[in-house]
Structure formats: structure tokens, C-alpha cells
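None of the values given here were measured: they were computed from a predicted structure. Order of the sequence lines sets the chain letters (A, B, ...), proteins ahead of strands, with each chain counted from 1.
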Number of protein chains: 2
Amino acid sequence: MTAVDRADHRPASPPLTERQEARRRRILNASAQLAARGGFDAVQMREVAEAAGVALGTLYRYFPSKIHLLVATMQDQLQHMHTTLRKRPPAGADPAQRVAETLMRAFRALQREPQLADAMVRALTFADRSVSPEVDTVSRLTTAIILDAMGAEHPTPGQLSAVRVIEHTWHSALITWLSGRASIAQVKIDIETVCRLIDLTAPEASEARA
Amino acid sequence: MTAVDRADHRPASPPLTERQEARRRRILNASAQLAARGGFDAVQMREVAEAAGVALGTLYRYFPSKIHLLVATMQDQLQHMHTTLRKRPPAGADPAQRVAETLMRAFRALQREPQLADAMVRALTFADRSVSPEVDTVSRLTTAIILDAMGAEHPTPGQLSAVRVIEHTWHSALITWLSGRASIAQVKIDIETVCRLIDLTAPEASEARA
DNA sequence: CTCAAGTCTGTAACTTGTTCTAGATTAGCG
DNA sequence: CGCTAATCTAGAACAAGTTACAGACTTGAG
């Protein structure tokens with residue numbers, strides 16, 4: 001997980017001064033707050049700038065587009081969630097159960113701020129190539145969370161593929177729920193369904209399972 | 001499949017005249033052509049209107065937003081694909097194999113027009129509640145294609161969940177590839193991985209499998 | 001402390017999705 | 001044919017993301 005740890009904060013290109021760090025934080029907070037209130041559309045760059053007390057140009061210097069801003073916001077929120085989850089690891093005996101439990105816990109957290117979730121997830125899937133590095137960071141964070149729940153220290157390629165599929169399902173199911181096309185019950189079932197892949201790809205699946 | 005058949009063309013609220021049908025078609029073609037050239041950003045409403053030879057206001061009367069337009073474009077393209085696929089059904093013995101083959105065939109079709117694929121898929125996942133009915137139609141079409149490949153006439157709830165998970169994976173993997181964050185090989189592996197769920201949820205999985 | 005380089009501010013301008021309006025055209029009906 | 005309602009056109013206007021720029025402020029080197 002060293003790669004993730006290093007991405008825990010900025011790639012440290014130019015080390016930000018204290019005031020810059022503070023500005024960045026104010027911007028991210030403003031973004032999350034506006035998003036929580038009115039979703040993607042409510043995060044208007046002029047308003048974010050004003051709420052954060054910076055000029056519009058400065059906002060763009062920190063985050064080169066609205067999408068970058070929202071993806072960074074998601075990074076931020078995911079980090080919180082990761083730390084929270086680590087404090088209370090899932091209890092299930094089965095890796096599949098633990099992952100499903102973890103994801104449903106995350107899901108319930110997002111349910112509390114559906115508008116914020118909407119803004120972040122929409123930004124994530126709408127992101128084009130210019131945001132790839134940032135989206136990748138989010139993806140690595142999510143992977144780390146899932147692998148943590150699985151308890152897989154040295155995942156096999158098969159497991160990694162399963163984790164990717166789980167991530168795909170997770171994002172897409174979230175979107176489907178957020179746009180009102182699926183119920184929470186359906187999301188739960190689908191998460192449980194996809195988590196079955198974990199047993200299927202466990203390294204000892206063919207031997208120790210019997 | 002009656003529901004899908006009925007959606008084969010417009011929900012027939014007011015039956016369009018011939019000239020209106022022609023306008024609609026010109027608009028969809030213009031949209032697909034612009035998208036194929038430059039992706040999501042190249043589909044600019046003024047340009048679509050001009051290329052289709054209609055006024056901007058008319059374009060908006062037919063498709064109330066750019067997202068609606070692109071989702072309708074996707075509907076259109078999917079319909080083509082469905083008919084094409086029906087002519088040459090996948091050959092595998094296993095339902096899982098057939099679905100994977102079908103999806104990879106669709107994938108290769110999209111590869112030929114990556115920009116068009118980008119525009120359509122981005123629109124699809126970016127769509128908000130106001131586009132739900134249209135997105136749902138696309139989803140039903142996709143489901144029909146997958147069920148066709150499975151050969152499942154009367155899918156169980158478990159199978160339906162598996163199909164949903166496959167769809168999630170399909171969209172999300174497509175996005176990941178389109179934004180350059182995953183290779184084609186990876187997409188292939190992930191599609192094959194998720195298709196394993198089909199065996200897992202087959203009605204006779206617990207009995208006839210032995 | 002002083003100065004140059006880099007940042008930040010405030011503001012205007014530009015782009016593209018969307019809405020609105022007034023007048024021309026078309027479609028269907030008697 | 002002649003009329004009326006619906007539709008279409010051209011073009012202006014508005015909204016929000018993005019860019020540009022001139023001048024003020026900070027920062028770090030000497």
C-alpha cells in the first residue's frame with residue numbers, strides 16, 4: 001500500500017505553504033458543502049470561490065476544472081471513510097461477506113448525503129482523460145478499502161480482476177440508485193451478488209474449500 | 001420481450017408525420033457523425049442543428065437536452081447492434097461464454113468508433129433523473145441482448161441480478177478503457193470474470209452441475 | 001531591507017448549453 | 001379553398017464553466 005500512502009496528500013510537486021494548504025482546505029470544504037446542499041449543479045465555480053474566500057482565478061489554479069475539484073473532493077471524503085472503516089473492521093467470517101458489509105456501510109454513509117454523493121460520483125464517471133491521474137488515485141483508494149476488507153495481503157491477478165469488477169459494480173449501482181432507477185434493496189442484492197466472485201477467485205478456492 | 005418491442009420506436013405519444021420522422025433521423029445522424037469525429041465535446045447543439053438543417057429551437061423540441069440527444073443516439077446504435085447480433089448468435093456452449101463473446105463483439109464494434117462510444121457512454125452515466133425513462137430504455141435493450149446471449153427465457157431473480165452486475169461492469173469498464181485507464185486486455189479479463197457469475201446463478205447450478 | 005518572481009484579487013470577456021420571442025410555415029378540418 | 005392550431009425558423013438573451021489580464025500582495029534570495 002506504499003503507493004497509496006504516498007498519495008495520501010498531494011504528490012508534493014511544490015510543497016504548499018501553510019496559507020496555501022489552508023486555502024486548499026477551504027475550497028474543498030466549500031465544494032463539499034455546496035454539493036451536499038444541491039448536488040452537482042449547485043457546485044458553481046463562482047460560488048465555491050466566494051464561499052472559500054478566494055478569487056475565481058485562484059480556484060482554477062488549485063483545481064483546473066469543476067471535475068477536478070469534485071474528484072478531489074471525493075478523494076478527500078474517501079480518505080475520511082477509509083480511516084473510519086479501519087477503526088471498526090467488518091466482522092464477517094467470509095471475505096465476501098466482509099467486503100459486502102464494508103460496501104453497504106459505505107453506501108449507508110453516502111445515503112446520508114445523497115446530493116454530495118451524486119456530485120462526486122457523477123464527476124468521477126464524467127471525467128475525461130485530463131483527469132485520469134486523479135481518478136486513478138480515487139480508484140486506488142477504493143481498491144485499498146476493498147482489499148483491506150478481504151484481508152488479502154498479496155492478491156492474485158484473478159482477485160484483482162474481481163476487485164475491479166466489484167468497483168465497477170459499486171460505482172454503477174450507485175449511479176443507478178442516485179438517479180432513482182434502482183432501489184436500495186436492489187443495490188444490496190447486486191453488491192452481494194458481485195461479492196460472490198471473491199470466493200470464486202480465492203487462491204485456495206480449488207483446494208481448501210472442500 | 002414485449003416491453004422492449006413496444007419501445008422499439010418512440011412511445012408513440014403523438015404519431016410523427018413523415019417530415020418529422022425525417023427530421024428526427026437527420027438529427028440523430030448528425031449527432032452520431034459529430035460524436036464520431038470529436039466525442040462528447042464535439043456534439044454542440046448549434047452544430048447539430050445546423051448539420052441536421054433544423055433550427056436550434058426545433059432541436060430542443062425533439063430532444064430536450066444534449067444528454068437526451070446522446071442517450072437517444074445510443075438507443076439508436078444499440079438497436080442496430082441488437083439486430084446485427086441476432087443474425088450471428090454467439091457460438092459458445094456455455095451461457096457464460098456466449099455472453100462474454102457477445103460483449104467482446106460489441107466492444108470491438110465500439111472500438112471502431114471510440115469517440116462515438118465515449119460521447120454516448122459519458123452521456124449515459126452523466127444523465128440525471130430527468131433522463132431516467134430514456135436511460136431505462138437503453139438498459140432494457142442491453143438486458144435483452146445479454147439475456148438473448150444467455151438463452152434465458154425465464155430468468156430467475158438471481159440471474160437478473162447477475163445480468164445487472166454484468167451491465168454495471170460493462171459500462172464502467174468501457175469508461176475506464178475510454179479514458180485510457182485500462183487496457184483492452186484488462187477489459188476482456190474483467191468481462192470474463194464477471195460472466196462467471198452466470199454459472200453461479202444458473203437455475204440448475206445446485207443440481208445439474210454435478 | 002530590497003528587489004524579482006511568483007501568487008492572488010477583481011473583473012471582464014468568451015464559449016456553449018438552454019430559454020425565449022416574434023413572425024413564417026404547415027397540417028388538418030370544415 | 002380558407003382558417004386555426006401547432007410547428008418551425010431565425011436570432012437574441014441568459015447561465016455557468018473557463019480564460020485573460022492588470023494591478024496588489026507575498027515570498028524568498030541576496
Side-chain angles (χ1 to χ4, degrees), chain A residues 10 13-28 30-31 34-35 37-73 118-120 122-123 126-131 134, chain B residues 10 12-27 30-31 34-35 37-73 119-120 122-124 126-131 134:
Chain A
R10 236 68 345 271
S13 325
L16 298 186
T17 73
E18 206 166 314
R19 302 186 53 182
Q20 287 175 321
E21 202 58 68
R23 271 194 206 101
R24 195 184 134 79
R25 194 103 295 292
R26 287 205 306 279
I27 293 174
L28 285 176
S31 164
L34 285 171
R37 189 171 307 284
F40 189 88
D41 292 335
V43 181
Q44 301 192 355
M45 300 304 268
R46 292 174 232 261
E47 291 213 20
V48 173
E50 187 179 2
V54 302
L56 190 56
T58 306
L59 172 53
Y60 274 95
R61 171 183 281 272
Y62 281 74
F63 302 96
S65 78
K66 174 168 172 172
I67 300 292
H68 281 85
L69 171 58
L70 282 171
V71 171
T73 305
D118 178 71
M120 296 188 308
R122 295 257 294 286
F126 192 63
D128 67 358
R129 298 181 110 83
S130 73
V131 203
E134 288 79 0
Chain B
R10 236 76 331 282
S13 326
L16 298 187
T17 74
E18 207 166 313
R19 303 186 54 179
Q20 286 175 321
E21 201 58 68
R23 271 193 206 102
R24 193 185 136 79
R25 195 104 294 290
R26 288 204 307 280
I27 293 174
S31 164
L34 286 170
R37 191 172 304 287
F40 188 88
D41 292 334
V43 181
Q44 300 191 358
M45 298 306 267
R46 291 172 233 261
E47 292 214 19
V48 173
E50 187 179 2
V54 302
L56 190 56
T58 306
L59 172 53
Y60 272 95
R61 172 184 281 271
Y62 281 73
F63 302 97
S65 79
K66 174 168 173 172
I67 299 292
H68 281 85
L69 171 58
L70 283 171
V71 171
T73 305
M120 296 188 309
R122 294 256 294 286
L124 198 67
F126 191 63
D128 66 358
R129 297 183 111 83
S130 72
V131 204
E134 287 80 2

Subject >> B/Arg25: partners by side chain to side chain donor-acceptor pair (under 3.5 Å), with sequence neighbours left out >> reply: B/Asn29, B/Asp76
Original post:
With a 4.5 Å limit on heavy-atom distance, are the side chains of B/Leu124 and B/Ile67 in contact?
Top reply: no
Original post:
Which part of the nucleic acid, if any, lies within reach of A/Tyr62 when heavy atoms closer than 4.0 Å are counted: base, sugar-phosphate only, or nothing?
Top reply: sugar-phosphate
Original post:
Which one, D/dT9, D/dT7, C/dT18, comes nearest to the side chain of B/Ser65?
Top reply: C/dT18
Original post:
Rounded to the nearest Å, what distance is computed from the CD atom of residue B/Gln44 to the P atom of nucleotide C/dC14?
Top reply: 17 Å
Original post:
A/Phe63 CZ to D/dT19 P: how many Å, rounded?
Top reply: 16 Å
Name the atoms and distances for all side-chain donor-acceptor pairs under 3.5 Å in residues 39-58 of chain A, with sequence neighbours left out.
from, atom 1, to, atom 2, distance (Å)
A/Gln44, NE2, A/Asp41, O, 3.4

Subject >> OG1 on A/Thr17 to CZ on A/Arg23, rounded to 0.5 Å >> reply: 7.0 Å
**OP:** State which of C/dT9, D/dT9, C/dT7 makes the closest approach to the side chain of B/Arg23.
**Re:** D/dT9
Original post:
Along nucleotides 20-30 of chain D, 5' to 3', which nucleotides get a B, which get an S, and which get a -, given that the test is a protein heavy-atom distance under 4.0 Å?
Top reply: ------SS---
Original post:
Between the side chain of A/Ser31 and the main-chain N/O of A/Ile27, is any donor-acceptor distance below 3.5 Å?
Top reply: no
Subject >> Which residues share a side chain to side chain donor-acceptor pair (under 3.5 Å) with A/Arg26, sequence neighbours left out >> reply: none
Original post:
Are any of the side-chain heavy atoms of B/Arg122 and A/Asp128 separated by less than 4.5 Å?
Top reply: yes
Subject >> Nearest-angstrom distance from the residue atom CG of A/Leu34 to C1' of D/dG17 >> reply: 15 Å
Subject >> Selection: residues 45-55 of chain A, any non-hydrogen atom under 4.0 Å of DNA chain C >> reply: A/Arg46, A/Gly53, A/Val54, A/Ala55
Subject >> Residue pairs, two or more places apart or on separate chains, that pass side chain to side chain donor-acceptor pair (under 3.5 Å) and touch residues 62-72 of chain B >> reply: B/Ser65-B/His68
Subject >> Spacing between A/Lys66 atom NZ and D/dA15 atom C1', to the nearest angstrom >> reply: 12 Å
**OP:** For the residue pair A/Val131 and A/Phe126, establish whether any side-chain heavy-atom pair is separated by less than 4.5 Å.
**Re:** no
**OP:** Write down the distance between CG (B/Asp41) and C1' (C/dG17), rounded to a whole number of angstrom.
**Re:** 12 Å
Original post:
How long is the line joining CZ of A/Arg61 and C1' of D/dT19, in whole Å?
Top reply: 14 Å
**OP:** Rounded to the nearest angstrom, tell me the gap between atom CG in B/Leu59 and atom P in C/dT19.
**Re:** 12 Å
**OP:** Ignoring backbone atoms, test whether A/Gln20 places a side-chain nitrogen or oxygen under 4.0 Å from the OP1 or OP2 oxygen of C/dC8.
**Re:** yes
**OP:** Quickly work out the A/Asp128 CG to D/dG17 P distance and round it to whole Å.
**Re:** 16 Å
